[in-house]
Amino acid sequence: MGVALLHAERAGAGLAPWRRAHDWLAYATRAPLTAGPGSHLFHGAPALAHVLACAATALPGSYGRALENLDQTISADVRRRVGIAHARIDAGRLPALAEFDVIRGLAGVGSYLLRRDPGGAAVRAVLEYLVRLTDPIEINGEALPGWWTSSGPSGRDSGRFAGGHGNCGVAHGIGGPLAVLALALRCGITVPGHREAIDRITDWFDRWRTDTDTGPLWPYWVNRPQLRAGHRDTFGPQRPGWCYGAAGLARVQQLAALATGDADRRHMAEDALVRALAAPHLRVPADAGLCHGYAGLAHITVRAAADADPDTAARLRAFLPGLLVAHPAHPDTAAKALLSPGGSGPGLLDGAAGIALAHLSASAATPPASAWDACLLIGGFGGCR
């Protein structure tokens with residue numbers, strides 16, 4: 001899917017013919033698609049729908065019938081999943097990460113529906129669920145955040161996380177639902193308790209923020225002993241990324257601040273990103289990809305700068321040349337490394353397609369023609385910015 005997305009973006013930007021994008025989309029649909037359980041924004045029907053929606057954004061009028069069929073399938077699955085989630089909450093049980101996160105859960109699929117049918121019933125159902133997810137839940141007499149999960153960060157039971165954990169990341173934690181709620185609010189789409197839910201999540205981030213010499217840091221997750229103690233150990237060097245770390249969380253908090261008109265949080269978030277990009281530990285060798293590498297940092301920087309005040313935007317953009325040429329983020333170097341035996345391959349989150357898409361965004365003066373980055377929940381899409 002990542003390669004098809006790259007070709008659609010290049011065609012939409014006038015850099016390549018549409019024929020190549022069409023051929024890759026045909027290749028992506030050569031086998032039956034996974035739908036229902038097991039499908040999500042990065043696999044199966046929702047993943048294909050995202051790529052087709054991106055192509056249709058760049059080439060209006062294309063893939064209409066296929067998208068309508070996929071939207072019906074995805075909406076029905078979302079309603080089923082939301083119903084299961086509400087039943088779980090009614091029973092007083094904790095969620096799995098895959099219930100709500102961006103990669104496998106309702107935050108990710110909900111962001112697709114927000115793009116396709118922002119006023120639809122399925123979007124409203126997801127937003128109502130995400131609001132309810134932020135309500136505290138009581139387990140054995142102890143109040144926990146509603147997104148607390150009984151497993152470890154991998155989604156599996158772990159002795160290190162015997163009491164579960166509260167995941168703070170964008171990819172797998174509460175950062176993803178915050179982004180969806182903020183993007184919806186910026187589009188003027190709200191449900192009862194919407195603003196209060198945003199406040200509960202940002203209050204959580206405020207509670208667990210540690211101010212360091214290199215700027216604010218947020219933990220990847222909080223375990224049960226830390227929650228009970230009300231603090232966690234001192235941070236060691238922590239690489240910023242989209243999936244976890246200061247860069248992704250700064251961007252989603254910037255989006256929340258823009259949605260709610262919170263000037264103080266916007267300033268904090270933008271300053272946090274500037275300082276994270278300037279921190280010495282960023283120079284530690286990292287991978288090249290979107291998920292937790294240089295390409296992701298570059299793309300977050302592009303998107304955050306577009307929404308920042310002029311002075312901060314200039315400071316952010318000044319980091320881009322270094323991010324784009326840092327080994328192994330240069331596309332020629334990355335392509336050789338990722339496509340060689342043992343490399344990460346051509347995919348979106350960790351592979352060469354994602355790196356190339358980030359480079360295109362950084363070199364263009366306008367937002368991505370296809371809005372391909374809607375799946376990362378760090379950028380605007382459709383008529384919503």
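This chain uses plain numbering: 1 for the first residue, then up along the sequence.
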Crowded around H267 NE2? As in, over 12 foreign heavy atoms under 6.0 Å? no
In terms of relative ring orientation, are Y220 and Y244 parallel, tilted or perpendicular, with 30° and 60° separating the classes? tilted
Least distance between heavy atoms, H292 atom then C243 atom: CB-SG, 3.5 Å
Contact between R81 and P37 at the side-chain level, heavy atoms closer than 4.5 Å - yes or no? no
Got a second to check how far E196's CD is from D203's CG, nearest 0.5 Å? 11.5 Å
Spell out, yes or no, whether I189 and I198 are grouped together once hydrophobic residues are joined by side-chain heavy atoms under 4.5 Å, including indirect joins. yes
Would you sort out whether D373 and S361 count as a side chain to side chain contact (heavy atoms under 4.5 Å, CB included), showing the intermediate values? CA-CA 10 Å; D373 58 345; S361 297; 5.9 Å; no
Minimum heavy-atom distance L217-A246, with the two atoms named: CD2-CB, 4.3 Å
Is R156 atom CZ crowded by more than 12 heavy atoms from other residues, nucleotides or ligands, each under 6.0 Å away? no
If only atom types and distance count, is the side chain of W242 paired as donor or acceptor with the main-chain N or O of L376 below 3.5 Å? yes
Is the shortest side-chain heavy-atom distance between T301 and R317 below 4.5 Å? no
Hydrophobic cluster identity match, W147 and I137, side-chain contacts under 4.5 Å: yes
If you define the side chain from C-beta out and look only at heavy atoms, does anything of T149 sit under 4.5 Å from H172? no
Of the non-hydrogen atoms in V82 and Y129, which two are nearest, and what is the gap between them? CG1-CB, 4.2 Å
Salt bridge check, R265 against D199: does any charged N sit closer than 4.0 Å to a carboxylate O? no
Using a 3.5 Å distance criterion without hydrogens, assess whether the side chain of R88 forms a donor-acceptor pair with backbone atoms of R93. yes
Could you state the interatomic distance from CD1 (I103) to CZ (F42), rounded to the nearest 0.5 Å? 4.5 Å
Pair D23-R19, side chain to side chain contact (heavy atoms under 4.5 Å, CB included): steps then yes or no: CA-CA 6 Å; D23 289 345; R19 182 71 261 166; 3.1 Å; yes
Can you get from W18 to L52 by hopping between Ile, Leu, Val, Met, Phe, Trp and Tyr side chains that sit under 4.5 Å apart? no
So, does R251 use its side chain to make a donor-acceptor pair with the main chain of I300 at under 3.5 Å? no
Evaluate I74 against L113 for side chain to side chain contact (heavy atoms under 4.5 Å, CB included), listing each step before the verdict. CA-CA 8 Å; I74 294 167; L113 292 173; 4.1 Å; yes
Does the pair D117 and D71 meet the rule for a side chain to side chain contact (heavy atoms under 4.5 Å, CB included), with working shown? CA-CA 9 Å; D117 186 20; D71 288 350; over 6 Å; no
Validate the cation-pi geometry between R30 and Y27: distance from NZ or CZ to the six-membered ring centre under 6.0 Å, angle to the ring axis within 45°. yes
Are H359 and Y294, when compared by the centres of their aromatic rings, separated by less than 6.0 Å? no
Looking at A374 and H50, what are the two nearest heavy atoms and their distance? CB-CE1, 4.3 Å
Counting C-beta onward and ignoring hydrogens, is there a side-chain heavy-atom pair between I84 and E99 closer than 4.5 Å? no
For V102 and V170, the nearest pair of non-hydrogen atoms, with its separation, is CG2-O, 3.2 Å
A side-chain contact here means heavy atoms from C-beta on lying under 4.5 Å apart; do P118 and V123 qualify? no
Joint cluster assignment, V3 & I355, ILVMFWY side-chain distance < 4.5 Å: no
Is the closest side-chain donor-acceptor distance between T57 and R115 under 3.5 Å? yes
State whether the side chain of H194 and the backbone N or O of L181 hold a donor-acceptor pair below 3.5 Å, judged by distance alone. yes
For the student: nearest non-hydrogen atoms of A272 and A250, plus distance: CB-CB, 4.3 Å
Salt bridge E142-R228, side-chain N to carboxylate O under 4.0 Å: yes
Check: T73 and S39 side chains under 4.5 Å, non-hydrogen atoms: no
Would you call the rings of W148 and W204 parallel, tilted or perpendicular, taking 30° and 60° as the class edges? perpendicular
How long is the straight-line distance from CD of E9 back to CG of L360, given to the nearest 0.5 Å? 6.0 Å
Tell me whether R132 is salt-bridged to D90, with the criterion being a basic N under 4.0 Å from an acidic carboxylate O. yes
Working to the nearest 0.5 angstrom, can you tell me the gap between I174 CD1 and F205 CZ? 7.0 Å
R124 with E128: basic N within carboxylate O range, under 4.0 Å: yes
What distance separates L178 CG from T202 OG1, expressed to the nearest 0.5 Å? 7.0 Å
Taken to the nearest 0.5 Å, the spacing of L273 CG from T312 OG1 works out to 10.0 Å
4.5 Å side-chain heavy-atom contact, L97 and H165: yes
Regarding R315 and D311, does a basic nitrogen lie under 4.0 Å from an acidic carboxylate oxygen? no
Is there a chain of hydrophobic side chains (I, L, V, M, F, W, Y, each step under 4.5 Å between heavy atoms) that links L144 to F100? yes
Please check if atom CZ in R20 has more than 12 non-hydrogen atoms from other residues, nucleotides or ligands closer than 6.0 Å. no
D77 with R80: basic N within carboxylate O range, under 4.0 Å: yes
Student check: side-chain heavy atoms of P145 and L227 closer than 4.5 Å: yes
Is the CG atom of D213 crowded by more than 12 outside heavy atoms at less than 6.0 Å? no
